[in-house]
Each structure stands twice: as C-alpha cells, then as structure tokens.
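Sequential numbering from 1 along the given sequence is applied to the chain's residues.
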Amino acid sequence: MTVAHAAQHFGRATGTIRCWASRYHARRLGRVGREVVYDLRDLALIEREIRNGRPVPMTWQARADLISN
C-alpha cells in the first residue's frame, strides 16, 4: 500500500503515514514507480497500537507476533 493509499485508508495525513513508516520501520514490500509500497497489515498494526495507547514494537519482525492478536 502506498503512502497516499494508506493515508486515505486510515484517514490520516500522508506525513503521518511517512512518520510511522520511518519511526517504526514499517515493512516495505517494494516499489511502484517512485512510490514505496508498505505492508497493509503492518501499517494497520502500527495504527492499532497507537490508537490504543500501547507501545509500538520498533521492527516489523517484532510486530509479526501481534498481527494475530
């Protein structure tokens, strides 16, 4: 999911999504042209943890165990 699509999906500003991706090292799946494509499940988990006031694990590998929760 590109930053623009993620911003629309989560109802957040593109700058917020870029901040999450940078700060929490969101999982990159590749590129479409010049746009980075991020893992939707990883971004959703970051958003969920922030929304619920919980600490966000700093790598996508550390967040992988939380995806099923």
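With sequence neighbours excluded, the residues that form a side chain to side chain contact (heavy atoms under 4.5 Å, CB included) with R54 are R48, E49, N52. Partners of R28 according to the salt bridge (Lys or Arg N to Asp or Glu O under 4.0 Å) rule, which considers only residues two or more places apart in sequence or in another chain, do not exist here.
In this structure, I17 belongs to a hydrophobic cluster whose other members, linked by side-chain heavy atoms under 4.5 Å apart, are M1, V3, F10, W20, Y24, V36, Y38, L40, L43, I46, I50, V56, M58.
To the nearest 0.5 Å, atom CZ of residue R34 and atom OG1 of residue T2 are 14.0 Å apart. Atom CZ in R18 sits 15.5 Å away from atom CZ in R12 (nearest 0.5 Å).
Residue-environment remark: NE2 (H5) stays at or below the threshold of 12 foreign heavy atoms within 6.0 Å.
A salt bridge does not link D42 to R27: none of the charged side-chain nitrogens sits closer than 4.0 Å to a carboxylate oxygen.
Listed here is the closest heavy atom pair of P57 and L66: CG-CD1, 3.7 Å.
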